[in-house]
Amino acid sequence: MNQFLKVYKILMKEYGPQGWWPLLEHKGSNPTASGRITGYHPGDYSLPKDDHQIFEICVGAILTQNTAWPNVERALLNLRRLGALNPERILSLEEDKLRSAIRPAGYFNQKAKKLRTFSKFFLTLKGRIPLREELLSVWGVGRETADSILLYAYRQPIFVVDAYTRRVFSRLNLIMHDWDYDKIRKEFERNLPRNFETYQEFHALIVEHAKRFCKKTPECSGCPLRSLVKDESI
DNA sequence: AACCAGGACGTGA
DNA sequence: TCACGTCATGGT
């Protein structure tokens, strides 16, 4: 078994299924006592169910660019309140209303433009699965966002490389700092079973692990991956 | 109170 | 290509 699979097994045993991508609107996503939405669906890989949920994931993928998820969740709730979690309504909303709705997610000027641009693109698809190149040609959609959309909204076996992935796996000496995005992505895809369920779960597990232990300044005490680190002095 | 968060784009070298 | 500045809110 290769090192990537070992990491996957350890993280899965440690944290369990993560249930990504979180969705606001699906059966069972009721507000909790804290007023938050529990949109996670551990072990259920059948989502998204319809075009509406597909679009919601795309919007979340854009809003979460360099932004903490709770802020994105607020923005999504605002959009839902306006009935604007669909491309038609995002395009017909007044500029100021769109901006103020997504304000909690930060970069609201840029992201308002990105959501408009993407909404137009989404309508041209008419339900078809987009190509990676098509997504990358959309202004505001870079490699990670494109791959997040393909993996979580369209269930395509494309691995998502984010800042957490780079951090965790370079510390494990399994990737090098000078590797570009696609080299890292292909390295994951080469070492893992090529199904979208594994990719979805692994990416979510890496995020969880990075938040708990592999922070910017690492907290290695108690890290479940310590046995895999070559440099035992860490 | 600085630092960070599930990046992408525009610019100049 | 590539390094760097810009964009912005909210939690810790």
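All chains are named by letter (A, B, ...) in the order of the sequence lines, taking the proteins before the strands, and each is independently numbered beginning at 1.
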Which residues pass the side chain to side chain contact (heavy atoms under 4.5 Å, CB included) test with Ser119(A), not counting sequence neighbours?
Phe55(A), Pro87(A), Ile90(A), Leu91(A)

5' precedence on DNA chain B between Val141(A) and Ala61(A) (nearest-nucleotide basis):
Ala61(A)

Per the salt bridge (charged side-chain N to carboxylate O under 4.0 Å, His left out) rule, what does the pair list look like for residues 190-201 of chain A, sequence neighbours excluded?
Glu187(A)-Arg190(A)

Would you say the ring centers of Phe169(A) and Phe4(A) fall short of 6.0 Å from each other?
yes

Determine which pairs satisfy salt bridge (charged side-chain N to carboxylate O under 4.0 Å, His left out) with at least one residue from residues 96-112 of chain A, sequence neighbours left out, and list them in order.
Glu95(A)-Arg99(A)

Protein N or O to nucleotides 10-13 of chain B N or O, pairs below 3.5 Å:
residue	atom	partner	partner atom	Å
dG10(B)	OP1	Trp139(A)	NE1	3.2

For Arg74(A), all residues meeting salt bridge (Lys or Arg N to Asp or Glu O under 4.0 Å), sequence neighbours excluded
none

Neighbours of DNA chain B within residues 128-137 of chain A, by heavy-atom distance under 4.0 Å:
none

Using the test side chain to side chain contact (heavy atoms under 4.5 Å, CB included), find all partners of Arg185(A) that sit at least two apart in sequence or belong to another chain.
Arg132(A), Asp147(A), Ile158(A), Phe159(A), Val161(A), Tyr181(A), Asp182(A), Glu189(A)

Tell me, please, which residues at least two apart from Asp162(A) pass side chain to side chain contact (heavy atoms under 4.5 Å, CB included).
Glu144(A), Tyr164(A), Thr165(A), His203(A), Val207(A)

Base, sugar-phosphate, or nothing for Ala204(A), non-hydrogen atoms under 4.0 angstrom?
nothing

Applying salt bridge (charged side-chain N to carboxylate O under 4.0 Å, His left out) as the test, list every pair that has at least one member in residues 212-222 of chain A; sequence neighbours left out.
Glu208(A)-Arg212(A), Lys215(A)-Glu219(A)

Does the protein touch nucleotides 3-10 of chain C at the base, only the backbone, or not at all? Give it as B, S and - per nucleotide, heavy atoms under 4.0 Å.
----BBBS

Ring pair (Phe, Tyr, Trp, His ring centres under 6.0 Å) involving Phe196(A) - partner list, sequence neighbours excluded
none

Which residues share a side chain to side chain contact (heavy atoms under 4.5 Å, CB included) with Ser170(A), sequence neighbours left out:
Ile175(A), His177(A)

Does Val138(A) reach a base, just sugar-phosphate, or nothing at all? Heavy atoms under 4.0 Å.
sugar-phosphate

